[in-house]
Amino acid sequence: MSRVMPMKKISAPAAALAVIDVSALPPHFEAAAKEAAFDAVWEKNGIYQWDPSRPRGETFVVDTPPPTVSGSLHMGHVFSYTHTDVIVRQRRMLGMNVFYPMGWDDNGLPTERRVQNIFHVRCDANAAYEPGLALPRVGDKKPTERPRIVSRKNFIELCAIVTHEDEKAFEALFRRIALSVDWRQTYATIDDRCRHLAQLSFLDLLEKKQLANVEAPTMWDVDFQTALAQADLKDVIRPGAYHDIQFAIEGSDESFVISTTRPELLPACVAVCAHPNDERFKKYFGKHAITPIFKAPVRIFASELADPTKGTGILMVCTFGDATDVTWWREQKLPTRQILGKDGRVKLVEFGTETFPSKDPLAANAAFAPLVGKNVTQAQKLVVDLLKDAAHSALAQGGSAPLQGEPKKIEHPVKMYEKGERPLEFITTRQWFVKLMPNKPVLLEKGAEVKWWPEFMHARFQNWTENLNGDWCISRQRYFGVPIPVWYPVLPDGATDHEHPLFPTPDRLPMDPMSDAPKGFTEAQRNQPGGFTGDPDVFDTWFTSSLTPQIGSHWLLDPERHAKLFPADIRPQSHEIIRTWAFYTIAKAMLHEGKVPWRNVVISGWILDPDRKKMSKSEGNVVTPMKLLEDYTSDGVRYWAASARLGMDTAFDEKVLKVGKKLVTKLFNAGKYVLGQSIGDAAIPSDASIESLITSELDRAMIHKLRAVIEKATASFAEFEYANALMATEQFFWSQFTDTYLELVKVRARGEGVDDRDRVSAIATLRLTLGVLLRLFAPVLPYITEEVWSWAFAEVRGQPSIHHAPWPTVTELATIPRPADEGSFDLAAELMTAINKKKTELGASTGRLVKTATIAVPEAKRGRLEAVLQDVLGSTRIAEHTLVVRATEGDAFVIDAMEVVPKEERAAAEH
RNA sequence: GGGCGUUUAACUCAGUGGUAGAGUGCGACCUUCACACGGUCGAAGUCGCAGGUUCAAAUCCUGCAACGCCCACCA
């Protein structure tokens with residue numbers, strides 16, 4: 001149904017200037033109703049759909065970040081997703097075939113944790129599957145009984161229930177904020193296609209010899225009981241204490257003191273180490289030391305890595321206290337004395353054996369026995385107590401207590417899993433690794449091939465890549481994830497043969513080695529001597545997430561589609577996951593195809609709360625979006641997001657939302673005014689174009705300023721600086737268009753005392769400018785611009801949705817002659833301001849009629865003023881005027897005298 | 001310890017060599033025929049600090065400080 005009123009005699013330009021029935025419009029923009037209605041229309045008309053038939057060159061591919069479906073969205077999501085959408089909408093208007101998919105990251109520990117809490121369950125991979133198991137939700141109160149044990153399959157089903165609900169809620173919000181996603185192009189990181197592609201990725205890396213399966217000390221979280229990669233870590237400053245412990249030199253009565261923060265690892269001590277140039281300890285290198293309590297002989301060696309200024313300058317190497325211990329263990333080929341189990345508790349070991357030698361096994365075992373089963377904190381207390389006992393001195397001849405003095409409290413950084421609560425341990429386990437260390441130079445090269453916006457974010461990538469200190473551990477001992485597609489033969493003696501893993505052929509993917517049998521075996525042979533066993537692990541979630549460009553393009557599953565969608569054009573993301581998501585995605589694309597995954601990385605900043613802290617769920621300072629969307633409209637919220645420049649952290653500020661809402665209202669009203677202006681009885685040649693009707697100097701001068709805005713906005717968008725484009729457009733719209741131009745031409749548009757030609761020129765200019773401004777605003781304000789567009793432009797221009805209308809160009813305006821004087825518009829505005837100022841000084845409103853005014857005009861402006869003077873006098877309602885040409889200060893207009901119509905006379909004068 | 005970013009009006013932020021800007025807030029005035037979810041006018045800043053380059057510096061260089069982020073080897 002059209003809002004455009006029927007015209008009597010329709011010519012092309014007359015139709016373009018058709019009047020809308022203003023009285024049919026509501027007094028205000030009914031945002032909530034319109035948002036829902038437009039979403040439905042856009043969906044029905046498929047205006048955000050990617051067209052696979054168009055060539056790559058016309059396509060704009062987005063590698064959308066799949067949000068972690070974690071229950072609720074906050075303003076941080078709205079913020080960064082809007083940035084992407086604004087860019088995408090502008091590219092679509094440029095005529096590009098946009099591929100804008102949406103994914104859901106439902107893999108991983110956060111989901112597991114939530115499911116455990118929601119249903120109060122724990123997963124046991126060995127538990128039997130219970131078909132049709134339905135469990136109640138436990139709610140918020142902490143249940144007292146133990147969690148119910150469920151099988152891996154049941155657990156995954158519960159995860160699916162929870163994530164699916166979350167996806168619905170996310171989609172609803174994303175639609176509300178008008179993300180122009182092609183909702184046919186969705187995926188979840190646990191779905192068949194993603195599992196398929198992740199497993200294909202694994203097989204491809206295997207074929208390219210970029211994988212390793214090794215048993216080695218690995219960073220381990222004792223709570224989650226899984227291996228971790230460097231990127232999963234955070235440093236946390238924690239309290240600790242230096243414990244000074246006396247060691248003896250074997251076969252002498254000499255001793256030295258080491259300083260350690262981890263005395264509980266004393267039984268795991270395998271060596272002692274100092275700097276090669278350290279005169280204090282030079283004499284000991286090559287000899288053996290004896291540990292206190294356990295009386296283990298350990299090598300004393302020299303290493304550049306030892307810092308003579310730290311502690312006492314000499315330190316104990318344990319298996320494993322930290323990453324340096326691992327380095328020394330490897331370089332020095334030290335023995336392994338693992339005392340911590342996967343659960344982070346001390347496990348039973350026996351002293352006086354080859355692995356745990358001791359000069360006094362009886363005493364050592366007696367001292368060790370109470371430690372068994374204790375966690376690190378408890379064990380430390382017990383060991384410290386033992387060290388206070390002189391009987392445990394390392395010295396053969398006996399001595400004082402091994403612990404010298406009181407422990408010295410310190411604060412030091414400790415490596416922890418980013419989602420964990422206890423420090424990591426290094427525990428020897430068998431894991432799969434992707435080789436990164438040998439590929440560092442190529443990775444840096446690829447990182448430089450990608451354009452980073454803002455550019456300085458590239459430094460983060462370089463920094464991280466240069467400092468990488470290990471390969472990528474991709475196996476996780478979890479349940480909810482993509483299974484690693486591997487089996488191992490079980491030898492006749494029942495041992496697992498890790499040296500000869502069995503892999504599925506690609507045609508069997510996606511698969512789960514825990515329920516599928518390898519070729520040549522039957523399910524009955526699972527875990528039997530001479531049979532096989534499945535790898536129970538799943539991939540690191542980043543192993544799948546790092547394939548998002550390939551997931552969108554279907555990669556090996558559809559090479560033709562892949563060629564059209566890979567590499568992507570932009571990867572939008574936030575800066576804290578450069579080391580993970582950006583890094584791993586670059587690594588995968590490089591390892592698989594020697595390519596970069598995308599041409600541009602566009603980095604959004606963070607939303608900070610008013611105290612400038614990152615807004616995050618764990619901080620409890622989250623502002624929920626729904627209320628704000630209701631109060632300020634989606635466009636208002638999007639305005640706020642689009643006001644922040646790329647990469648800049650922004651404090652959340654409701655004032656900016658308010659400004660956004662005001663802009664929406666202003667567009668509604670300005671649109672209503674412009675489209676309600678009638679040309680009256682003016683006759684328009686039927687062969688005239690709307691551009692050719694623009695004949696007045698002021699109008700041409702206004703159009704000329706509009707050209708500059710189009711150029712500025714277009715250039716800004718090319719560099720993803722949507723905020724600059726918005727600012728330029730907004731500034732022009734508000735101060736030049738509504739506050740100035742609209743006021744200057746109102747009288748002329750009404751046809752008061754002017755000829756038809758000038759009246760039509762004003763209306764044509766209003767229309768044309770509104771049409772351009774709406775399109776310039778459309779990427780940021782999709783709802784209000786679509787609304788105003790629908791009143792007339794949609795029909796007149798034959799472009800039903802503004803979001804498929806062409807982005808404005810100066811070429812559109814090429815047929816409109818330049819103004820005789822480019823300064824005409826500013827000159828008119830300047831005089832209007834001077835008159836308004838005078839009225840304000842007189843206490844009169846700007847709309848008050850002026851009987852007479854005497855205006856001092858500087859000589860230089862006199863001639864130039866001629867062409868726009870009538871518009872100024874009309875808009876300022878000056879009935880009689882006298883121009884006095886004279887010099888003024890700063891060549892400004894000066895109102896020498898003004899007589900306004902008194903209030904009481906006004907009513908009479910008006911009619 | 002290394003790197004990056006930020007520092008401009010009360011607040012949120014533009015401004016990369018040429019007379020300090022916007023919006024909000026504040027003050028005064030204005031029921032005006034698109035809009036009071038409005039309009040007009042106004043007050044308000046040693047551009048973090050100290051040096052330097054230049055005819056000229058918020059802008060370029062050097063140093064420092066505060067705040068934030070990323071990274072680093074937990075003895």
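To find a chain, count down the sequence lines: A is the first, B the second, and so on, and within it residues start at 1.
Scanning for salt bridge (Lys or Arg N to Asp or Glu O under 4.0 Å) contacts around A/Glu630 gives an empty result, with sequence neighbours left out. Here A/Asp221 pairs with A/Asp223, A/Phe224, A/Leu228, A/Tyr417, A/Leu424 under the side chain to side chain contact (heavy atoms under 4.5 Å, CB included) rule; sequence neighbours left out. Shown here are the side chain to side chain contact (heavy atoms under 4.5 Å, CB included) partners of A/Ala713, two or more places apart in sequence or in another chain: A/Ala725, A/Thr729, A/Leu776, A/Trp807. Annotation: salt bridge (Lys or Arg N to Asp or Glu O under 4.0 Å) contacts of A/Lys672 (sequence neighbours excluded): none. Taking A/Ala289 as the reference, A/Phe247, A/Phe256, A/Val272, A/Val298, A/Ile300 meet the side chain to side chain contact (heavy atoms under 4.5 Å, CB included) condition, with sequence neighbours excluded. Evaluation of the ring pair (Phe, Tyr, Trp, His ring centres under 6.0 Å) rule for A/Tyr632 yields no partner, not counting sequence neighbours. Listed by chain and residue number, A/Glu721 satisfy the salt bridge (Lys or Arg N to Asp or Glu O under 4.0 Å) test with A/Arg645 (two or more places apart in sequence, or in another chain). With sequence neighbours excluded, the residues satisfying salt bridge (Lys or Arg N to Asp or Glu O under 4.0 Å) with A/Asp278 are A/Arg280.
In this structure, A/Arg238 reaches neither bases nor backbone, as no heavy-atom distance under 4.0 Å exists between it and the strands shown. Looking at heavy-atom distances under 4.0 Å, A/Gly843 makes contact with sugar-phosphate atoms alone, never a base. Nucleic acid contact for A/Lys666: base, since at least one base atom lies under 4.0 Å from a heavy atom of the residue. A/Leu233 comes within 4.0 angstrom of nothing in the nucleic acid, heavy atoms only. Within the nucleic acid shown, A/Asp235 comes within 4.0 Å of at least one base atom, counting heavy atoms only. Among the protein residues, A/Ala844 comes within range of no part of the nucleic acid, since none of its heavy atoms lies under 4.0 Å from any strand. Within 4.0 Å (heavy atoms only), A/Thr738 reaches at least one base atom of the nucleic acid. Among the heavy atoms of the strands, none lies under 4.0 Å from A/Glu304. No contact: A/Ile258 has no heavy atom under 4.0 Å from any strand. Using a 4.0 Å heavy-atom criterion, one finds that A/Tyr242 contacts the sugar-phosphate atoms exclusively. Residue contacts shown for A/Leu424 include a base, since a base heavy atom lies under 4.0 Å away. Note on A/Thr846: a base of the nucleic acid sits closer than 4.0 angstrom, heavy atoms only.
Here A/Lys234 does not reach the OP1 or OP2 of B/rC69: none of its side-chain N or O atoms lies under 4.0 Å away. At B/rC33, none of the side-chain N or O atoms of A/Lys746 fall inside 4.0 Å of OP1 or OP2 (strictly under the cut-off). Taking side-chain N and O atoms only, A/Lys839 has no distance below 4.0 Å to OP1 or OP2 of B/rG39. Between A/Arg645 and the phosphate of B/rG15, there is a side-chain N or O to OP1/OP2 separation shorter than 4.0 Å.
The stretch residues 457-470 of chain A comes close to RNA chain B through A/Arg460, A/Asn463, A/Trp464, A/Asn467, A/Asn469, each having a heavy atom under 4.0 Å from the strand.
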| task | Run the numbers on A/Trp791 and A/Phe668 for ring pair (Phe, Tyr, Trp, His ring centres under 6.0 Å), then give the verdict. | result | CA-CA 11 Å; A/Trp791 294 343; A/Phe668 182 90; 5.4 Å; yes
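The nucleotide B/rG25 finds no pairing partner, because no Watson-Crick or G-U wobble arrangement with both distances shorter than 3.5 Å includes it. Across the strands present, B/rU7 finds its partner in B/rA65; the criterion is a Watson-Crick or G-U wobble pair with both atom distances under 3.5 angstrom. The pairing partner recorded for B/rC60 is B/rG52, the criterion being a Watson-Crick or G-U wobble arrangement whose two distances lie under 3.5 angstrom. If you check B/rA14 for Watson-Crick or wobble pairing at under 3.5 angstrom, you find it has no partner at all. B/rC74 makes up no base pair with any nucleotide shown, lacking Watson-Crick or G-U wobble contacts both under 3.5 Å. B/rU46 is unpaired under the Watson-Crick or G-U wobble criterion, no partner having all donor-acceptor distances under 3.5 Å.
Between A/Phe777 and A/Phe733, the ring planes lie perpendicular to each other; the angle is over 60°, past the 30° to 60° tilted range. Ring planes of A/Phe793 and A/Trp789: parallel class, angle under 30° (limits at 30 and 60°).
For CD of A/Glu752, the number of neighbouring non-hydrogen atoms (other residues, nucleotides, ligands) closer than 6.0 Å is greater than 12. In the displayed structure, A/Glu411 atom CD is contacted under 6.0 Å by more than 12 heavy atoms of other residues, nucleotides or ligands.
The CZ atom of A/Phe652 sits 19 Å away from the P atom of B/rC11 (whole-angstrom rounding). Remark: P of B/rC33 and CD of A/Glu752 are 13 Å apart, rounded to the nearest angstrom. Atom-to-atom, OH of A/Tyr639 to C1' of B/rU12 comes out at 10 Å; the value is rounded to the nearest Å. The nearest whole Å value for the distance from the CH2 atom in A/Trp734 to the P atom in B/rU40 is 10 Å. Rounded to whole Å, atom P of B/rU32 lies 15 Å from atom CG of A/Asn836.
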Using residues 23-32 of chain A as the side-chain source, report each donor-acceptor pair under 3.5 Å to any protein atom, sequence neighbours left out, with the distance given to one decimal.
residue	atom	partner	partner atom	Å
A/Ser23	OG	A/Asp21	OD1	2.6

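Relative to the ring axis of A/Phe426, A/Lys415 does not place its NZ or CZ within 45° and under 6.0 Å from the centre.
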Using atom names, set out every protein N or O paired with an N or O of nucleotides 23-27 of chain B below 3.5 Å, distance rounded to 0.1 Å.
residue	atom	partner	partner atom	Å
B/rU24	OP1	A/Lys662	NZ	2.6

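Comparing the same atom, P, in B/rG3 and in B/rG63 gives a spacing of 11 Å after rounding to whole Å. Between B/rU12 and B/rC71, the two P atoms lie 27 Å apart (nearest whole Å). Comparing the same atom, C1', in B/rG18 and in B/rU24 gives a spacing of 30 Å after rounding to whole Å. Taking atom C1' on both B/rC49 and B/rA58, the two are 14 Å apart, rounded to the nearest angstrom. Distance check on atom C1': B/rU59 versus B/rA44 gives 23 Å, rounded to whole Å. The separation of B/rA34 from B/rU40, taken at their P atoms, amounts to 15 Å, rounded to a whole angstrom. If you take atom C1' in B/rU54 and the same atom in B/rU16, they sit 16 Å apart, rounded to whole Å. When the C1' atom is used for both B/rA10 and B/rC64, the distance is 28 Å, rounded to whole Å.
Checked against B/rC41, B/rC37, B/rC13, the side chain of A/Thr840 finds its nearest nucleotide in B/rC41.
When each of A/Gln230 and A/Lys837 is assigned the nucleotide of RNA chain B bearing its nearest heavy atom, the one mapping closer to the 5' terminus is A/Lys837. Both A/Asp307 and A/Gln731 lie close to RNA chain B; mapped to their nearest nucleotides by heavy-atom distance, the more 5′-ward contact belongs to A/Gln731.
Contact check for A/Tyr722 versus A/Val780: no side-chain heavy atoms found under the 4.5 Å cut-off.
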| query | Along nucleotides 59-65 of chain B, 5' to 3', which nucleotides get a B, which get an S, and which get a -, given that the test is a protein heavy-atom distance under 4.0 Å? | reply | -------
